[in-house]
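Throughout, protein chains are lettered first and strands after them, A, B, ... in sequence-line order, and every chain is numbered starting at 1.
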Protein chains: 2
Amino acid sequence: MTSRYQAAVTLAQVAEAAGVGESTVSRVLRNHGSYSGKTRDRVMTAVERLGYVPNRIAGTLASTGSRLVAFVIPSLSNIVFADVLRGAGATLEENQYQAVFAVTDYDPAREEALVASMLAWRPAAVMLAGYEHTGRTIKMLRAANCRVVEMLDVDGTALDLAVGFSNRAAGRASAEFLLKRGYRRIGYVGHDLERDTRAGKRYSSFCETLSANGVPLAGQQIYREASSVERGRLGLDLLLARTPDLDAVYFSNDDMALGGYFHCLARGIVIPSQLAIFGYNGLDLGRVMPQALSTIRTPRVATGQLAAKLIVDSAPSQVIDLGFELIEGATA
Amino acid sequence: MTSRYQAAVTLAQVAEAAGVGESTVSRVLRNHGSYSGKTRDRVMTAVERLGYVPNRIAGTLASTGSRLVAFVIPSLSNIVFADVLRGAGATLEENQYQAVFAVTDYDPAREEALVASMLAWRPAAVMLAGYEHTGRTIKMLRAANCRVVEMLDVDGTALDLAVGFSNRAAGRASAEFLLKRGYRRIGYVGHDLERDTRAGKRYSSFCETLSANGVPLAGQQIYREASSVERGRLGLDLLLARTPDLDAVYFSNDDMALGGYFHCLARGIVIPSQLAIFGYNGLDLGRVMPQALSTIRTPRVATGQLAAKLIVDSAPSQVIDLGFELIEGATA
DNA sequence: AGTTTTTTTGGCAGCGCTACCATTTTATGG
DNA sequence: CCATAAAATGGTAGCGCTGCCAAAAAAACT
């Protein structure tokens with residue numbers, strides 16, 4: 001058995017104890033419809049005495065729509081998604097919604113399976129990262145009677161709602177910034193671009209912008225794994241071994257950039273005169289580094305907040321670009 | 001309305017379409033009980049054709065126990081809890097359990113409210129951080145017909161299951177290590193001890209061990225907020241301003257320690273000869289710093305994994321201490 | 001006091017599924 | 001070939017709640 005069983009108090013028992021009908025108890029508890037003060041007191045007393053806890057499973061089944069919101073996110077280790085969840089949490093909670101989640105590890109096939117499993121809970125909404133989903137995932141989501149929010153990206157066609165910012169624009173802005181600062185030997189250190197498609201979009205847009213300005217990417221080191229501080233450090237080491245004359249490196253995110261920064265510190269490479277570093281995300285720690293990290297700050301928490309608000313408000317289908325902010329730190 | 005409504009396909013419709021009884025469909029879908037291959041094919045074809053997605057809300061209500069596991073955790077920003085969730089995720093998923101979560105922000109009153117709200121979903125288990133809960137929380141959990149796992153601590157009396165490690169022992173080990181290395185002017189930089197009771201336990205145990213060895217804490221800077229790299233940096237700055245002659249600082253965790261490390265880099269304080277730094281958690285980035293961070297590595301992912309396994313296996317009540325590992329890095 | 005209106009209340013049919021039991025079909029054995 | 005066991009299947013009563021409707025009680029008017 002899934003769990004030990006000892007009959008829980010039911011609404012019918014409360015009604016019996018309070019000497020009222022079931023629907024009356026239901027009305028009092030949900031503060032819905034009308035009832036007298038005297039009845040309310042009797043009901044509440046019974047609830048208190050019996051230690052009644054409403055069964056939301058039954059409630060959801062009986063009423064039409066659920067108040068579950070399903071998050072199907074690529075990773076929990078990546079602070080980005082934790083921030084989004086944090087942003088959404090408060091709004092959902094205030095409105096009595098319950099968050100449910102599952103982690104895809106950036107795998108579209110897993111995403112598909114998890115979405116299917118989530119839909120079995122008949123959620124009010126499914127929150128996903130980005131636009132890249134399998135055909136079956138899209139089909140399921142369309143067929144399902146629930147809202148869909150694609151978060152953290154706006155470069156593509158939304159299924160229903162989308163909240164985020166343009167990763168392509170971010171890649172371009174990063175490139176333009178480095179070019180403006182006069183860097184001409186620019187490298188890239190990144191992580192799994194095929195799976196983290198948003199990082200992939202930044203990468204390609206970054207490269208295109210460089211090329212368009214006659215400054216092709218001078219070298220790159222791309223890992224197939226997830227991003228980490230360690231990969232950033234090792235990646236820069238490898239990249240510099242192959243291409244020693246770089247004057248700037250664009251990292252796929254701040255974690256990777258921090259790794260690169262550590263590498264420079266360890267090797268005595270002077271930043272930014274000898275090598276410039278540019279990240280992505282705008283994590284708090286970037287501001288605290290001895291030299292503030294040059295990066296792009298993304299509205300992660302705001303994305304979560306807005307995504308939740310759109311669901312709570314039953315907003316019509318739309319795409320909302322929250323933009324981003326380029327932080328001119330001291331590392332580039 | 002919570003969501004747009006368009007009647008979803010039901011099991012009855014599948015049964016009708018396949019020309020079999022409802023219970024047969026149910027058996028095939030759950031691979032439970034016996035049915036012929038021919039029937040299975042007919043059912044599966046109908047399922048496919050109609051795009052049927054079983055309704056788990058109804059399924060859970062009809063069967064006895066739910067397969068929901070409720071995580072009520074202090075924070076999502078703190079990588080510790082993300083790691084725990086990550087560890088638990090795989091095991092739960094393999095066993096068809098669904099994770100639900102809510103964030104307390106280290107507030108016992110919020111924890112109480114969230115546990116109440118979670119219990120309404122009749123979860124198979126409630127997973128909490130630590131032992132410090134309000135009386136009502138404890139009462140509710142005892143009354144509820146579900147398993148309870150208290151994670152990341154073993155210093156106290158468990159309600160049911162507990163998986164983690166001793167924060168007191170960790171505090172003591174840290175103190176002993178610093179003493180052994182010959183540090184005698186030791187300070188502390190930490191965050192909200194009253195709310196993060198596990199950090200509080202490490203702190204008090206650390207101080208007691210120092211005192212017991214005739215080396216009382218030489219100074220401290222404690223913030224009331226959550227930990228962050230920034231607080232670590234500012235905290236060390238303030239602490240050194242008041243107590244310049246420290247030779248070592250114990251930080252409430254690695255994030256704080258990283259902030260301290262950045263401060264030293266910025267001020268040209270040589271580590272560890274001029275000032276030693278010691279953290280807690282054993283985050284990956286500690287290994288990648290130019291000087292590996294001296295810290296204590298905690299089995300966060302393993303805690304999550306084991307917690308999930310105990311639930312899945314319906315293990316009897318018990319407390320499991322997974323221990324920790326002291327990492328002799330280069331910063332202390 | 002007799003109506004009409006408004007407020008409060010209870011009864012009960014589902015929501016979509018699973019568990020249990022009864023029944024039918026198929027396989028096994030003497 | 002029939003008795004007996006085994007496998008496959010269908011019917012249906014809930015699970016605990018909500019939504020609807022009708023009935024009862026209270027309040028507001030003539």
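Under 4.0 Å is where a charged nitrogen must lie from a carboxylate oxygen, and between B/Arg198 and B/Asp153 no such pair does. Using a 4.0 Å cut-off between a side-chain N of Lys or Arg and a carboxylate O of Asp or Glu, A/Lys309 and A/Glu94 do not qualify as a salt bridge. Between A/Lys139 and A/Glu112, none of the side-chain N atoms (NZ, or NE/NH1/NH2) sits under 4.0 Å from a carboxylate O, so this pair counts as no salt bridge. Using a cut-off of 4.0 Å between Lys/Arg side-chain N and Asp/Glu carboxylate O, A/Arg195 and A/Glu111 are scored as not salt-bridged.
Heavy-atom distances under 4.0 Å link DNA chain C to A/Ser34, A/Tyr35, A/Ser36, A/Thr39 of residues 28-47 of chain A, given in residue order. Proximity of residues 18-26 of chain B to DNA chain D (heavy atom under 4.0 angstrom from any strand atom) is restricted to B/Gly19, B/Val20, B/Gly21, B/Ser23, B/Thr24.
Taking the side chain as every heavy atom from C-beta outward, B/Leu29 and B/Tyr52 approach each other to under 4.5 Å.
Straight-line distance from the CG atom of B/Leu11 to the P atom of C/dA19: 12 Å, rounded to whole Å. Atom P of nucleotide D/dG14 and atom CD1 of A/Ile57 are separated by 21 Å, given to the nearest angstrom. Rounded to whole Å, the distance from CD on A/Gln13 to C1' on D/dC15 is 13 Å. Rounded to a whole Å, the CG atom of A/Leu50 is 15 Å from the P atom of D/dG16. Rounded to whole angstrom, the span from the CG atom of B/Leu61 across to the C1' atom of D/dC15 amounts to 4 Å. Separating the CZ atom of B/Arg67 from the P atom of C/dT18 is a distance of 12 Å, rounded to the nearest angstrom. Whole-Å rounding puts the A/Asn145 CG to C/dC15 P distance at 16 Å. Rounded to a whole Å, the CG atom of A/Asn55 is 14 Å from the C1' atom of D/dG14.
Between the side chains of B/Arg300 and B/Thr298, at least one donor N or O lies within less than 3.5 Å of an accepting N or O. Using a 3.5 Å distance cut-off with no hydrogens or angles, the side chains of A/Arg86 and B/Ser77 do pair a donor with an acceptor. In this structure, a donor-acceptor pair under 3.5 Å is absent between the side chains of B/Gln305 and B/Thr91. Remark: the A/Thr45 side chain and the A/Arg49 side chain contain no N/O donor-acceptor pair separated by less than 3.5 Å.
Taking the ring centre of A/Tyr97 as origin, the terminal cationic atom of A/Arg67 falls inside the region bounded by 6.0 Å and 45° from the ring axis.
Taking only distance into account, the side chain of B/Arg56 never meets the base of C/dG16 through a donor-acceptor pair shorter than 3.5 Å.
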For B/Val148 and B/Leu128, what are the C-alpha separation, side-chain angles and deciding distance, and is it a side-chain contact (heavy atoms from CB on, under 4.5 Å)? CA-CA 8 Å; B/Val148 177; B/Leu128 304 162; 4.1 Å; yes
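Five base pairs at each end of the helix from C/dA1-D/dT30 to C/dG30-D/dC1 define two local axes, and these are offset by 30° (rounded to 10°).
For B/Arg27, the side-chain atoms get nearest to D/dG10 when compared with the rest of C/dA19, C/dG16, D/dG10.
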